[in-house]
Amino acid sequence: MLGKFLINFTFTLSLLSTIFYWYSFIRKSEFTYQKFARYLFYYSVIGIVISSTLLIYYILTHQFQYHYIWGHSSTDLPISLLVSTFYAGQEGSFNLWALLTGLLGIFLIKYNAKRNYEIEFMSVYGLIFTILILFLVIKNPFTLIWDVFPKELIQYGGNPNSSQKYTWIDQAKGIWASIPVEGRGLNPLLQNYWMVIHPPILFIGFTSMSVPFAFAVASLLKKDYLNWINIAKPWVIFGSMVLGCGILLGGFWAYETLGWGGFWGWDPVENSSLVPWLVSIATLHTMLTQKNSNKLIRTNFIFSILTFLLVLYSTFLTRSGVLGDTSVHSFVTPGATIYWLLLGAIILFSGLSIYMLILRWKEIPKEESNYSVLSREYALFLGASTLVISSFFIAIGTSSPLITLMLKGKASAVEINYYIQTNLPLAIALALFSGLGQLLWWKNTPIKILINKIWIPFIVSFALTTISYFVGVKEVTMLILIFSSYFMLIVNLMLAWNVFKGKISLVGSYVTHVGFALMLLGFVFSAKYDSKQTLSLEEGKTISAFNFDFTYLGYQQKDKNRYAFNILIDDGKDNFFISPIMFINNQDNSVIRHPDIKNLYTKDLYISPLSLDEGKSQGEELNLIKNKIIETKGITLKYLGYDFVQLKGGINDLTLSIEYKNSNKIQILKPKMINKKGNLNFQSAKTDDNKFEISIISVNPSKIEDQTTAKILLTKLDGAQNPKKETLIVEATIKPLIILVWIGTAIVMIGFIITLIRRVKEAK
Amino acid sequence: MNLRFILGIAIIIVAIIFASYSFTEANIEYMTFNEALHSSKKAQVKGDWIKEKPSEFDPIKNTFSFYMVDDKNIEYQVILIGAKPNNFEIAESVVAKGKFQGNIFYASNVLTKCPSKYEAGTEELNKTL
């Protein structure tokens, strides 16, 4: 009740705050309304902070009367994962988004008040916050479970059973509802530390994407067409950095635990953060152009607005259920309300921004076109356009189920190849522009000077490409791509070094580009030139592949229901274990597989488990009853009884006596089951003629002699051969130079931080 | 018109043509087994795995073979290049992407459609009471 009230309260306050901001914008002189609006915003943030704290408190105390908490958590989760169930579902992730938008809003009010931008900015930003809270009002995380399952949970009349958990809805009328004592739990795929760090970072990034939008529309309201980019730029850098970091962490999660085989699966959920991020990166570059040469003034408005509209569109794609089951992420069908709400938000914000843009279009100063093809402006513009085109290609691919549904009447997703094919030429262009652009001067570059600067990186890149050719890169497109990546790398390395000797604060851009060039190279080598092999590893038997010896040594229980499959790997000099994990998800009985990776510096050995072929099931399961004869496969078996011996130290062993009779011989077989403190060990018994083997599955002793039963496994041996052993099937992949991706990532982040510090100083 | 402008327009036109071409190429049509049998293009066939018939992974060839019946009740053997797809046993239905070679449908990819994972049903509710 309290939670619901707090959310409605927050909504009312933030709506009022926005209305007052608009009012003070329209009636410019009324200063008191601004102050009033500001405090309303602060109080609404306090409201969402309290309701979020309450939600966390309810989660930690397992209040399963709330449908959301019942649906996503359980009592057996460790505290870190329990906290992460806060944003594991639809309602909670909207809550996190709204909470972060509110908290960031407090900083933004302060930031904008100093720069005389508060009223216009908050008129837009406050509206975004209000709409996010509206999502929560409708998809409320505090919805009670009996409102969702009234038929199953609400009882009329009678007295609740005292052994059951219940609550009175109306005691006078005898209406009560039962409360679950356990939750459904968190999807096992999400149960690792990535779930704790990845979503919050991603959502901070998502939240930041609304800031340039609010600045763009605010500056149109304010008719300040030039100065706004200086104020907005640090936020664009911050947003790009955080969202980029979130995307890369997601990639690392996919690579390390989800076992998608790579760091990027072109899945709608991944794409939905990549699409706005690419435009945000483009905006970063066009803002830089405007700052340095007063160009691309209108482009900056378009890109800043586009970034946020793409955030909304991506959210619509992944949250409204329109993609159905065309993705590996399963989407909930959230119902028509959220669909229309998201669509409404897109219409509202695109309507508002496009209207403002058209209204002011003629007033926006026109740029002079006094720059040549060989200028930094032009390279930056082409690079930024390439990023936006790439973002569109990805958005169109992701929307494929929607497009095909409209055109053909049946939804189908595009093959992953689409994304690779369309982005490959763009990646080449981007790498070339990122190298060339850094060498060009503003306005115009004399050819001679360009040649003077370009020849060293050109020759070095050419040499490196030639080496790569002989090492194994043979495809023409790949050679062009790595040539341009080397070019980008060398140019930026050289410039970084030159600048580094002078002023360290200016080195950010070069460092970032060095990082991206390394990542591009890492993508090509690890994804295009990987080698895969499916291995059938029979227990104890050594198999060679990729110059390694693989020996599967059996599995071991890791915790409650996870099993690690230990593979000993010998590379001639050294040996190590790789232990991928497989287990049954008890939520839906699906098999969950986690790969295991050994980093060998220049390459990763990536082992994905596929299946386990348990040798035992080769035999026939038989139920024996004491003193009854069973006939099978031309032999007879008679269960004579068992011996139970208790030894010291919690060890006991149980021996069955079974009379085995073939055409001419009788033999007593004694399979054993040894129990060492709960660890069961089975010893099978073989017949003298080497034709059969018997092992115990289970024994049911009974007080009545003749009712004692046992379950055994009878395995037919083929001649002198041993029965088939347990076989683990895995896919082994060698991923060359994937380490470049991770090193590149780290360098990109360092570069971003240096740039951010510089631009924040400038914005003061 | 200056050079910058023409260059820009040219790039955008090339990009659009290229994207629409790739998009149509990468969208594989849904067909029934009979339609796929008479088509030279790659197809997606939706249907059910016939659990009673043998299914087997061949670790040497790295193929997984099974029998599948489509929505029109037509049955064919499917050979998937690769291991048994994730969650094959519990899938409500499967979608195989590939082409016929003779009477066998060779799939490059088999998608499994699982009973919705996060939608909480009453059955689960009863388990937690």
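Note that the structure is a prediction, hence the values are computed from the model and not measured. Below, each value reflects all heavy atoms present in this structure, side chains not excepted, and no hydrogens, waters or symmetry copies. Below, chains carry the letters A, B, ... as their sequence lines are ordered, and counting in each starts from 1.
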**Student:** Taking atom CZ of A/Phe392 and atom CD1 of B/Ile16, what is their separation to the nearest 0.5 Å?
**Tutor:** 10.0 Å
**Student:** If you count heavy atoms of other groups shown closer than 6.0 angstrom to NZ of A/Lys541, is the number above 12?
**Tutor:** no
**Student:** Quick check for you: to the nearest 0.5 Å, what is the distance between B/Phe18 atom CZ and A/Phe393 atom CZ?
**Tutor:** 7.0 Å
**Student:** Under a 4.5 Å heavy-atom cut-off, does chain B meet the side chain of A/Lys532, its backbone, both or neither?
**Tutor:** neither
**Student:** Tell me, for A/Ser372 versus chain B, whether the close heavy atoms (under 4.5 Å) come from the side chain, the backbone, both or neither.
**Tutor:** backbone
**Student:** Just checking heavy atoms, which of residues 64-75 of chain B are less than 4.5 Å from chain A?
**Tutor:** none
**Student:** At a heavy-atom separation under 4.5 Å, does A/Leu153 approach chain B through its side chain, its backbone, both, or neither?
**Tutor:** side chain
**Student:** Select one option (side chain, backbone, both, neither) describing which atoms of A/Thr534 are under 4.5 Å from chain B's heavy atoms.
**Tutor:** both
**Student:** Could you work out, with side-chain contact (heavy atoms from CB on, under 4.5 Å) as the rule, every residue matching A/Ser74, not counting sequence neighbours?
**Tutor:** A/Asp76, A/Leu77, A/Glu182
**Student:** What do the steps show when you test A/Glu415 against B/Lys97 for salt bridge (Lys or Arg N to Asp or Glu O under 4.0 Å), and what is the final call?
**Tutor:** CA-CA 10 Å; A/Glu415 299 275 278; B/Lys97 286 184 188 177; 2.8 Å; yes
**Student:** Tell me the residues of residues 416-424 of chain A whose non-hydrogen atoms fall below 4.5 Å from those of chain B, in number order.
**Tutor:** A/Tyr418, A/Gln421, A/Thr422
**Student:** Checking heavy atoms, do the side chain of B/Glu25, its backbone, both or neither come under 4.5 Å from chain A?
**Tutor:** neither
**Student:** Roughly how far apart are B/Phe23 CZ and A/Ile396 CD1, rounded to 0.5 Å?
**Tutor:** 7.5 Å
**Student:** When you compare the side chains of A/Ser412 and B/Asn27, does any donor N or O come within less than 3.5 Å of an acceptor on the partner?
**Tutor:** yes
**Student:** Taking atom CZ as the centre, does A/Phe381 end up with more than 12 heavy-atom neighbours from other residues, nucleotides or ligands that are less than 6.0 angstrom away?
**Tutor:** no
**Student:** Can you name the residues of residues 37-46 of chain B that have some heavy atom under 4.5 Å away from a heavy atom in chain A?
**Tutor:** B/Lys42, B/Gln44
